[in-house]
Protein chains: 2
Amino acid sequence: MQSDSGDLRLSAQVTSLVRSLHGEVLERLRDFIVEGNILPGARIPERLLCDRFGISRTPLREALKVLASEGLVELLPNRGARVRLIDGQELVELFDVMGCLEALAGRLACEKITPGEFDAIERLHHEMYGHYLQRNLHGYFACNQAIHDRIVLAADNATLRATYTNFAGRLRRVRYAANLDADRDRWGEAMREHEEILDALRRRAGDALSDILFRHLRNKRRAAVHRETETLLCNATLTATKR
Amino acid sequence: MQSDSGDLRLSAQVTSLVRSLHGEVLERLRDFIVEGNILPGARIPERLLCDRFGISRTPLREALKVLASEGLVELLPNRGARVRLIDGQELVELFDVMGCLEALAGRLACEKITPGEFDAIERLHHEMYGHYLQRNLHGYFACNQAIHDRIVLAADNATLRATYTNFAGRLRRVRYAANLDADRDRWGEAMREHEEILDALRRRAGDALSDILFRHLRNKRRAAVHRETETLLCNATLTATKR
DNA sequence: TCGGATGAAATTGCATTCATTTTTTTGGCG
DNA sequence: CGCCAAAAAAATGAATGCAATTTCATCCGA
C-alpha cells in the first residue's frame, strides 16, 4: 500500500540492519533528513511521519532512536524528535573528525589501492578539473565527492567506511557547497590540494596523502564555517522553537 | 519494580538519549554486552532480556536497534539479535579507526590542553610506570586507559569523544589485555611509546603526538591480533550457532 | 489588550495484542 | 536407529491500546 521500495543500498552503519519495515523506514527517513526536508529544530510529529511512510508508530520510533544515536535527530523526553541543529562549534568538530577519517582512508588507500581504482580516481580528477575550468560548480562537487568516496572505498576498511558514511551524512545536511561560488580563491586552493592528493596517491605516499587530506578538510572547514555561522544564526532564530 | 537506576552517565553517542525506559535499558544492555556477559554469536531471546530488565519488548527492541547501529549486536531478520562476533579482519579495522581517532585527539589536545589537565596525565603516567615496574597488569591497564581517555577529553571535541567511546566499547569486548602478560617485549615497547606520548604532549607537538599515537595503536593491534585470532577461532567454533 | 490559569485535545512512552516466521517437537517411514 | 515431513510451540515484526505528559485553546481578571 504505502511504498514500493526495492532500494538495495545497504544501511550506512551496519549490514545487519536488514530488509524490514524498520530498516526500510530508517533509510528513507535518514535520506529525508539528510536531504534537508525537515527544518532543523522543527518538531516532527510521529503521526505525520507515520502517515508519510504508511506505517505504524512502532517501526518509526525505532528508526528515530537509531537516528538519534547517529546524531541526526534529537530526542526530547515526551516532546518528540527534532532534527538536530548543528551549530558552528559542532561543525568545526565534525570537520576535524571527518578530516582524520579521510586521512586514515588516504593512508590505507595507499597500501591497498589497485591500479584500476587509481585510474578511476585519476579520470574523476581530470573530469573535475574540466568542471573547475568551466566554473561548473555542480559537476565539480559531484566529482569531488566521488573522489573522496573512492579513496575511502580503496582503503578497504568496512568499519571506516561505515563511520565515514555516517559523518558524511551529518555534514551533508549543512550546505557548504555554495561557498566556492563566492570564494574563488578557495576554489583554486581546493583544486591545487586535489592535485597534491592525486600525486601522493600515485606515489602511494601514505604519510603525505594523510597529511594533505587532513589539511584539505581543515581548509574546507575554514571556508565552510565562515558562511555557515551566518546562515546558522539565521536559521536558529527562524526555526529553533521555544523550550 | 524492576530496577533502581540513578546512574547519571550520559549516553555514549548523544546527550539527547534521555532518561527514559528506553535510554535506561540502552545503557544497561550496552554495558551488559561490553562487559562480555553474552557470548558472541549466541542468540538473545527478547523475552529473556525483557524479564531481566523488567520491561516490555517495545523499549528493549528500540535499544537493540540502536546497539545494532553501534555495531555491538547483529540483527537477523526474524531471527533475533545476537552479539556480533568480531573476527580478525574487523579487529584490524577497528584498531586502525581507533588509531586515527586517538591521533586526532592527540593533535587537538596539544592545541587545547590546560596545564592542569597535563599534570593529571603526567601523574597517571608515573603511576602507570610504577605498575609497570611491579608487573601489575591490572593497575597498568587502568592507568593506560585513563591516560588515553584524558587525552581525548583534553581534545575538547564532543563529537570525537562520542565516536571514541563507541569504538572503545567495541574493542573492549575483545580482551587483549592478557597479551602483555605473555609478551613482555610488547609491554616494554608500549611503555617506551608512552614516554614518547607524554613527551610530545609536554612539548605540545601535535604532529609528533599524532604520529606516535597512531603507531602506538598499530603496535597494540599487532600484539592483539596475534592472540586474538586464535581465541576467536576457538570461540567461533564453540559459540557460533548454526544458521 | 495582555498575562496567566484551566480544561480539552493531541502527543508521547510503553504495554499488549495479533499476524507471520522460525524453531522445536512429534510422528511416520525406510 | 536415523531421517524427513508435518504439526505444535515459541519467537519475532508490526499494529493497536492505554495511561501519562505536553501542547493548545479558551476564559478570566487585571
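So you know, we letter chains A, B, ... as the sequences are listed, proteins then strands, and number each from 1.
Among the candidates B/Thr159, B/Asn157, B/Val152, the single residue satisfying the side chain to side chain contact (heavy atoms under 4.5 Å, CB included) test with B/Tyr164 is B/Val152.
Residue B/Lys65 contributes atom NZ, which lies 7 Å from atom P of D/dA14 at whole-angstrom precision. The distance from atom CG of B/Leu60 to atom C1' of C/dG13 is 15 Å, rounded to the nearest whole Å. Whole-Å rounding puts the B/Arg61 CZ to D/dA14 P distance at 7 Å. If you take CZ of A/Arg57 and P of C/dG13, they are 8 Å apart, rounded to a whole angstrom. In this structure, B/Leu48 places its CG atom 14 Å from P of D/dA10, rounding to the nearest Å. Here D/dT16 presents its C1' atom at 14 Å from CD of A/Glu46, a figure rounded to the nearest Å. Look at CZ on B/Arg47: it is 17 Å from C1' on C/dT23, rounded to the nearest Å. Rounding to whole angstrom units, CD of residue A/Glu62 and C1' of D/dA15 are separated by 12 Å.
Closest to the side chain of B/Arg43, from the set C/dT12, D/dG13, C/dT23, is C/dT23. Among the nucleotides D/dA14, C/dG13, C/dT11, the one closest to the side chain of A/Asn78 is C/dG13.
Ring geometry, B/His216 versus B/His148: the interplanar angle falls under 30°, so the pair is classed parallel (tilted spans 30 to 60°).
Atoms CG and OG1, on B/Leu21 and B/Thr58 in that order, are 10.5 Å from each other to the nearest 0.5 Å.
For C/dT12, the OP1/OP2 oxygens have no side-chain nitrogen or oxygen of A/Arg79 closer than 4.0 Å.
Take the nearest nucleotide of DNA chain D for A/Thr58 and for B/Pro45: the residue whose nucleotide is more 5' is B/Pro45.
The residues B/Arg218 and A/Glu111 are annotated as salt-bridged, a charged nitrogen and a carboxylate oxygen being separated by less than 4.0 angstrom.
Within 4.0 Å (heavy atoms only), B/Ile44 reaches sugar-phosphate atoms of the nucleic acid but no base atom.
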